[in-house]
Every structure is written in structure tokens, then in C-alpha cells.
Amino acid sequence: MKLPPGPKTPSWLLNLQFEADPFGYMDGISKRYGDIVTVMLNSTPVVYVSNPLGIKEIFTNTKEIAARGELNQDFALMTGNQGVLQLNGLVHKNRRKLLMQGFHGARMQACGRRICELTEKIMSQQVVGKPFVAYPTIEDITLRVGVEVVLGLDEGELYNKIKHLFASIIKYPQSPLFQLATKLPFGQRDLGRWSPRGYILHLRRELFQLLYTEVQERRKQTGSSRSDILSDLIFAHDETGEPLSDEEVRDLLLSPIFAAQDASGTALAWSLYWIHRLPAVRSRLLEELDSLGENPDPMSIVALPYLSAVCNEALRIYPTQLFAFPRLVESTVEVMGYELSPGTVLIGNIYSTHQREDLYPQPKEFNPKRFLEKQFSPYEFFPFGGGSRVCIGGTFALFKMKLVLATILSRYQLELVSKRAERPKFGGLICYPASGVKMVMRGRRQHQGQSQPLVSGLV
Ligand code: HEM
């Protein structure tokens, strides 16, 4: 069977090219080979798809194409072996349902105000005139929100320890030392706490132990009125009607916190970058926010059309996760005219689909208006993936993005420190802004009163 075309370069060299310039590399591949491309990984064909018809096939054909948890084993370091990402079949379905129930409307509404308060608290610590890096500042907000919603903790020794461990496990692999070490022959080995790999494993053991102990402690607190996802999971039942084990509960807690911190933090840092790079976008957003009056209700912020369009456009142009998780062909299937044999890996290429000229004219331009003018299908715009593994936190992530952005923009005047374009940097799964987006606080912003009705026009 003939595979779709693709580069013949060895995979280690492709990796280096990709790491040096992720978007440039992917644009080049799409231009040369089109929207279905094969990259050989040893002897396994990995087929990247960036055509809505192919994406639809990947996400909906569950008979021949499976979302196997085994393909995501690399992430078990962060998520534990029984995290949603590693599960399959009925168990996967059940655990997804349990976690998604945790993000119900009433809980989200209750945490809306809290997200605005936390944003205000952290942003008010910035010194006027002193540059700061937006990404870690924002990540501090998203991590705190994640720990509160998932574990119900917002202060105290345990909270501080857990927060520190989550932050370190994300940050350390991004450090130049770690990245260099992992390219050396023994860099991936655990050579004890003082080696790069050993240190990550040490942090992970500490985090897992703390969470495990917390799960056990919570089980003893009968009659507690706590409202958080951990409390829900302790009383939840699996697909056979049995309670979840302590390890299962612990592993289920990890990916929502990591994702809430890292994926949401990155999406927000990119959004701040675009909004402050393009004054017309910022003015129109402020006009829309001011139209709600002072101290608006979080639910009315979340419903704002232009703010929603800005968040979508930020997730389109530089999707936080460039690819959906891999899928496996289990019986011969035709995708975009190619017959693919069992064992072929299929990857929904989010970035390259979002860069298609036919869907998004002038795709390199940040233009939120395209989301006001057209409704895109879930196979044309899919920053949260799709099908049986679609992100469980997509709605929550957008909710949080809008509230954090609204609070920062309406209350503070920020500027980018540099006029140079921010470079993307790929780390593990996510595409970060390489400098972290350097900004400077110019002062507080006064609410501009009830403004004129919004004029949709220029931006
Ligand atoms: C802007 C923020 C976020 C982005 C861009 C994002 C993106 C994604 C993507 C692309 C996938 C893969 C879906 C697929 O393979 O089809 C995914 C899966 C997942 N996301 Fe998110 N995510 C974000 C925030 C969150 C948040 C806040 C949570 C938790 C509260 C979360 C939890 C998860 C989980 C558990 C999965 C795996 C689902 C499964 O294996 O069934 N994500 N996300």
C-alpha cells in the first residue's frame, strides 16, 4: 500500500529542525508535501493530517482508528499510569465522565469571581515601570486556579508545597541545562537526584506522595461539605460500580492541574502578546469590556463576542498544543485516498489546519474578526482536539482565559517591552513563547464609563 508522501530525512534530524523553528518547519512541510504527510519513526509510519475531511475521519471513525492510551505513555511521568490520557475503552469513558462532571456550571460560576480576584491579586504585585515576564506571572494565576478547583486548597503548607512541585515539574524541563542534558548519551537515564532525569523523578515522587496522602486524609473526613473535584472523585464509582482506588484518584487529579496551569497559561501569554502588539485589537477589546460597566458579572464577560473571537484567534494562530494525541489504525482504513494499514499512527495536525489559506485567508495575520464572520466546523478549528479524547477542560480553559484577560486589560495598562516578534519554542507537548513575553506595567487603568455601542469595523 502506498503511503502519503513525506520527507526522507532521518527522524533525529527532523526533530532538530522542528525544535529550531517549529512553525517554519511545519509550514515548509505542508508547502512541499500537502495536507497528508508521512514521517517514518524507525519503521512506524506516522501520518500527519491537516485537511478537515481527514481530521473528521480521524476523530469519528472509531471502528478502524483507535485512541490508544498506550501511545501516550511518554506523558505518564506527569500524569501517572492511570491518568485519563493513558486509559482505554470503557474505563477511559468512565473516568472522562467523572472528571467532566467536576466542571459543572454551578462550580464554574462560583469560581468566576475567584479567577478575577486571583488575577487582580497577582497583577497588583507588579511594580510600575519595571519589566516582568508575563508567562510565569500568568502561570501563577492558572496554577492557583487549578489547585483550588481540583483540590480545594488555597493556602497553607500543603498548598504551598503542592504548588511549588507542580510549578517545578513544568519549569525544570524547559531549562537550557535540562534540554542540553537530555541530548547527551546518558541524559535520559536516572542517575540519582543530582542528574537531570533523576531530579524530575525525585520531584514527581514527592508530588505523588503528597497527593496520595491528601487523598487518604480526605477519605477520613466524612460529612465534609467541600466542593472540589477531589471530593467528587473520592465518592465516585467506576464502570463496575466500585469506588476508585487511592492511586486512581491521585492519577486522575494530575492532568487537570498540569493542563490548567501549563496549557491555559501558555494560551494566555500568547493572547497578551497579540493584544498588546496590535493596538486596534486592544482598543476594540477595551471598548467592549467597558460597555459592561464597572465590576461586571463574570458570566456577562464570558459571553462577550469580540473577547471570544480574540481567544479563538489566539488559539488558532499559535495553538498551544500543535497536534492532537496520536491515534492508531487498527484495521485497514482509507484516509484522503490513501489506504493505511494497521499499525500506522495518525496525528491530527492542529497547527497546519489552522494555517490553511482556504479556511483562514492571510493565516499569519492575527485577525479576530474572522471568528465573528464565520462559524468554523470542529474539523476546521480544533484547538482542543476532537473525538473520544477531546480536551475535557476546553470550556473551562476558555472561561478562565476570558476572565483573566478581561481583568488584566480593564484594570491595568501594560506594554510589550520589545517590538520584535515573539519566537515560539516547543517543549514536550506545548508551544511556548520563547522569551515568555516581556511586558512592563504602566499603571492602573480607569474604567471609561458606559461607552458608545460597539462599532464592528476596522479590526
Ligand atoms: C488553552 C488550554 C488548553 C488547550 C489548548 C488544550 C488542548 C488539548 C488537546 C489538543 C487535547 C488532545 C485532544 C485529542 O487528542 O483529540 C487535550 C486533551 C486533554 N485535556 Fe486539554 N487543553 C487545555 C486545557 C485543559 C484544561 C484546563 C484541562 C483540565 C481541566 C485539560 C485536560 C485535558 C485532558 C485530561 C485531556 C486528555 C483527554 C483524554 O485523554 O481523554 N485541558 N487538551
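Order of appearance sets the numbers: ligands from 1, and atoms from 1 within every ligand. Side chains included, hydrogens not; waters and symmetry mates left out as well; all remaining heavy atoms used. Model, not experiment: these values are computed from the prediction.
Among protein heavy atoms, atom 27 (C) of ligand 1 sits closest to A260 CA, 3.7 Å. Looking only at protein heavy atoms, the nearest one to atom 7 (C) of ligand 1 is P383 O, 3.5 Å. Ranking the protein heavy atoms by distance from atom 30 (C) of ligand 1 puts F103 CZ, 3.1 Å first. In terms of protein heavy atoms, atom 29 (C) of ligand 1 is closest to P256 CA, 3.5 Å. Among protein heavy atoms, atom 40 (O) of ligand 1 sits closest to R389 NH1, 2.7 Å.
Judged by distance alone, the side chains of T44 and N42 never bring a donor and an acceptor atom under 3.5 Å apart. Inspection of the E64 and N61 side chains reveals an N or O donor paired with an N or O acceptor under 3.5 Å. D251 and Q86 share no donor-acceptor pair across their side chains, judged by distance under 3.5 Å alone.
Ligand 1 is never approached by G387 to a heavy-atom distance shorter than 4.0 Å.
Checked against the 6.0 Å centroid criterion, the rings of W270 and Y432 do not qualify as a close aromatic pair. Ring pair F323/Y351: centre-to-centre distance not below 6.0 Å.
The proximity of L85 to ligand 1, defined as any non-hydrogen pair under 4.0 Å, involves the side chain as well as the backbone. Residue I350 touches ligand 1 through its side chain alone, judged by heavy-atom distances below 4.0 Å. Only the side chain of R327 comes within 4.0 Å of ligand 1, judged by heavy-atom distances.
Here 1 is the count of protein N, O or S atoms positioned under 2.8 Å from atom 21 (Fe) of ligand 1, waters not counted.
If you number the atoms of ligand 1 from 1 as listed, the ones under 4.0 Å from a heavy atom of T320 come out as 5 (C). Ligand 1 places these atoms under 4.0 Å from at least one heavy atom of R96: 38 (C), 39 (C), 41 (O). Counting the atoms of ligand 1 from 1 in the order shown, those under 4.0 Å from a heavy atom of A267 are 1 (C). Listed by number with element, the atoms of ligand 1 under 4.0 Å from a non-hydrogen atom of A324 are 14 (C), 15 (O), 16 (O). The H92 neighbourhood of ligand 1 comprises atoms 39 (C), 40 (O), 41 (O), with distances under 4.0 Å to a heavy atom of that residue.
Applying the salt bridge (Lys or Arg N to Asp or Glu O under 4.0 Å) test to D27 and every residue at least two apart in sequence or in another chain returns K364.
At a threshold of 4.0 Å, the pair R277-E422 does not count as salt-bridged, since none of the basic side-chain nitrogens sits closer than that to a carboxylate oxygen. For the pair D232 and R107, the salt-bridge criterion is met [side-chain N within less than 4.0 Å of a carboxylate O].
Under a cutoff of 6.0 Å and an axis angle of 45°, R284 and Y306 form a cation-pi pair. Both cation-pi conditions hold for R316 and Y360: the charged atom is under 6.0 angstrom from the six-membered ring centre and inside a 45 degree cone around its axis.
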Review item, side-chain donor-acceptor pairs of residues 331-348, under 3.5 Å, at least two apart:
{"from": "T344", "atom 1": "OG1", "to": "S341", "atom 2": "O", "distance (Å)": "2.7"}

For residues 375-382, please give each side-chain donor-acceptor pair under 3.5 Å, one per line with the distance, not counting sequence neighbours.
{"from": "S377", "atom 1": "OG", "to": "Y379", "atom 2": "N", "distance (Å)": "3.1"}
{"from": "S377", "atom 1": "OG", "to": "E380", "atom 2": "N", "distance (Å)": "3.3"}
{"from": "E380", "atom 1": "OE1", "to": "S377", "atom 2": "N", "distance (Å)": "3.0"}

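Looking at H164, its side chain never comes within 3.5 Å of a backbone N or O of N160 through a donor-acceptor pair.
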